[in-house]
Protein chains: 2
Amino acid sequence: MKRNTWQRSAVRTALDDQEAFVSAQQLHLQLRKDGTGIGLATVYRALADLASIGEADTLQSEEGEALYRACSTGKHHHHLICRECGATVEFEANDIEEWAKRVAREHGFSNPEHVVDVFGVCAKCSKLK
Amino acid sequence: MKRNTWQRSAVRTALDDQEAFVSAQQLHLQLRKDGTGIGLATVYRALADLASIGEADTLQSEEGEALYRACSTGKHHHHLICRECGATVEFEANDIEEWAKRVAREHGFSNPEHVVDVFGVCAKCSKLK
DNA sequence: TCACTTATTGACAATGATTATCAATAGCGA
DNA sequence: TCGCTATTGATAATCATTGTCAATAAGTGA
């Protein structure tokens, strides 16, 4: 049976506070700074749990590090991510869903899923240049 | 100045022979089986080179491992990848390029790039079930 | 062809993220 | 409160990838 521990809710809260995608390591550091004595392995476990129940999104950084972000919605969505600061906007795109299905079908592929994320430089970071 | 070594061409050839995305480790193993005494670090270096000059595509596996595949074209393209066997089809999608630009602009993001890959089960693997 | 410069190689160590281990702790139902 | 066991956390283990550096070999000019 699933138990409610302060560690799990601390991880969820810390993730909710993040605007950008963050790594388990970063989140662990933040939680330590906040005065909690939470262990690294626990952060990894909590994040994996959140991802598995769909409350967190995950993607791999350029360097292969796993990054997490709290989902604002349970619905399927995509991300627009700032390359500079990591700020992320979630959005839906029904055309894309249809398009992906069509492309898959045309090539004889079934059971399609897709990874569609857009990277760019957000307005704030553009101004700083 | 860049030098041409048998190691580099061996890696390129081995990569060309692969239908699916493969890891550096897998390719190294294959090259060893083929009788070459090529070193692991060399395979990593050669793959990084190929990727940097646009002759190989790269993506991260579910487990965070870096996977490579020979590009059949130098043009921008996307992938349709079989979840079962890894078989990959390259395709272009001009609508998507436009769409990504528009989404980015609408949110004040500049300099957009995008990651668009579709996963599914190819016809061959579907039959095996 | 030959010597020479230096890019490249490869064995091995080092790094760094993630996962496994396992005894100690702490939810939660009774 | 008691007892069972899921969870935690310190630490070790794993594993892909990168750094190191002496030895090798590609390409160049004589």
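The chains referred to below are lettered A, B, ... by the order of the sequence lines, with proteins before strands, and numbering in each begins at 1.
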Point to revise | Selection: residues 2-20 of chain A, any non-hydrogen atom under 4.0 Å of DNA chain C | key: R3(A), N4(A)
Review point. If every non-hydrogen atom of A24(B) is compared with every non-hydrogen atom of V43(B), which pair is closest and at what distance?
Key: O-CG1, 3.7 Å
Review point. Got L31(B) and H28(B) here, is their nearest side-chain heavy-atom distance under 4.5 Å?
Key: no
Side-chain donor-acceptor pairs under 3.5 Å in residues 46-58 of chain B, sequence neighbours left out?
from: D49(B); atom 1: OD2; to: R8(B); atom 2: NH1; distance (Å): 3.0
from: S52(B); atom 1: OG; to: D49(B); atom 2: O; distance (Å): 2.8
from: E55(B); atom 1: OE1; to: R12(B); atom 2: NH1; distance (Å): 2.5
from: E55(B); atom 1: OE1; to: R12(B); atom 2: NH2; distance (Å): 2.9
from: D57(B); atom 1: OD2; to: H77(B); atom 2: NE2; distance (Å): 2.7
from: D57(B); atom 1: OD2; to: H79(B); atom 2: NE2; distance (Å): 3.0
from: T58(B); atom 1: OG1; to: L67(B); atom 2: O; distance (Å): 3.3

Point to revise | Distance-only donor-acceptor check, side chains H114(A) and H78(B), under 3.5 Å | key: no
Exercise for review: Please tell me if the side chains of L29(B) and Q26(B) come closer than 4.5 Å, counting only heavy atoms from C-beta onward.
Suggested key: no
Check your understanding: Is there a donor-acceptor pair closer than 3.5 Å between any side-chain N or O of T88(A) and the backbone N or O of G86(A)?
Key -> yes
Point to revise | Contact list for residues 63-74 of chain B, test side-chain hydrogen bond (donor to acceptor under 3.5 Å, both in side chains), sequence neighbours left out | key: S23(B)-E65(B), S61(B)-E63(B), R69(B)-E90(B), S72(B)-E90(B)
Review point. Tell me, which of residues 47-65 of chain A have any heavy atom that sits under 4.0 Å from an atom in DNA chain C?
Key: E65(A)
Check your understanding: Which atoms form the tightest heavy-atom contact between N111(A) and R83(B), and what is the distance?
Key -> O-NH2, 2.6 Å
**Study point:** Rounded interatomic separation in angstrom, taking OH from Y44(A) and P from dG16(C)
**Key:** 13 Å
Exercise for review: With the side chain counted from C-beta on, respond yes when V118(B) and W99(A) share a heavy-atom pair under 4.5 Å apart, and no when they do not.
Suggested key: yes
Can you give each donor-acceptor pair under 3.5 Å made by side-chain atoms of residues 119-128 of chain A, sequence neighbours left out, with the distance rounded to 0.1 Å?
from: S126(A); atom 1: OG; to: C122(A); atom 2: O; distance (Å): 3.1
from: S126(A); atom 1: OG; to: S110(B); atom 2: OG; distance (Å): 3.2

Review point. For E97(B), which residues count as a salt bridge (Lys or Arg N to Asp or Glu O under 4.0 Å) partner, sequence neighbours excluded?
Key: none
All N/O pairs under 3.5 Å across the protein-nucleotides 1-3 of chain C interface:
none

Point to revise | Contacts of type salt bridge (Lys or Arg N to Asp or Glu O under 4.0 Å), residue E98(A), not counting sequence neighbours | key: K101(A)
Point to revise | Of L40(B) and Q25(A), the one whose closest DNA chain C nucleotide lies more 5' | key: L40(B)
Point to revise | Closest-nucleotide 5' rank along DNA chain D - winner of M1(B) and Y68(B) | key: Y68(B)
**Study point:** Start and end of the DNA chain D segment that chain B contacts, any atom under 4.0 Å from a heavy atom
**Key:** dA16(D) to dG27(D)
Check your understanding: Would I96(A) and I96(B) count as a side-chain contact (heavy atoms from CB on, under 4.5 Å) if you check the C-alpha gap in whole Å, the side-chain angles of each, and the deciding distance to 0.1 Å?
Key -> CA-CA 8 Å; I96(A) 298 301; I96(B) 298 301; 3.6 Å; yes
Point to revise | L15(B) side chain near V22(B) side chain, heavy-atom distance below 4.5 Å | key: yes
Practice item. Report yes if the side chains of I38(B) and V11(B) come closer than 4.5 Å at any heavy-atom pair, otherwise no. Key: yes
Study note, to complete from the structure: Residues passing the salt bridge (Lys or Arg N to Asp or Glu O under 4.0 Å) test with R105(B), sequence neighbours excluded, are none
Check your understanding: Which residues within residues 26-35 of chain A lie with some heavy atom under 4.0 Å of an atom in DNA chain C?
Key -> none
Exercise for review: Measure the angle between the two terminal helix axes of the helix from dT1(C)-dA30(D) to dA30(C)-dT1(D), five base pairs each, and quote it to 10°.
Suggested key: 40°
Exercise for review: May I ask whether V89(A) and V115(B) are part of the same hydrophobic cluster, defined by side-chain heavy atoms of I, L, V, M, F, W, Y residues being less than 4.5 angstrom apart, directly or through others?
Suggested key: no
Review point. Are side-chain heavy atoms of Q30(B) and D17(B) found at a separation under 4.5 Å?
Key: no
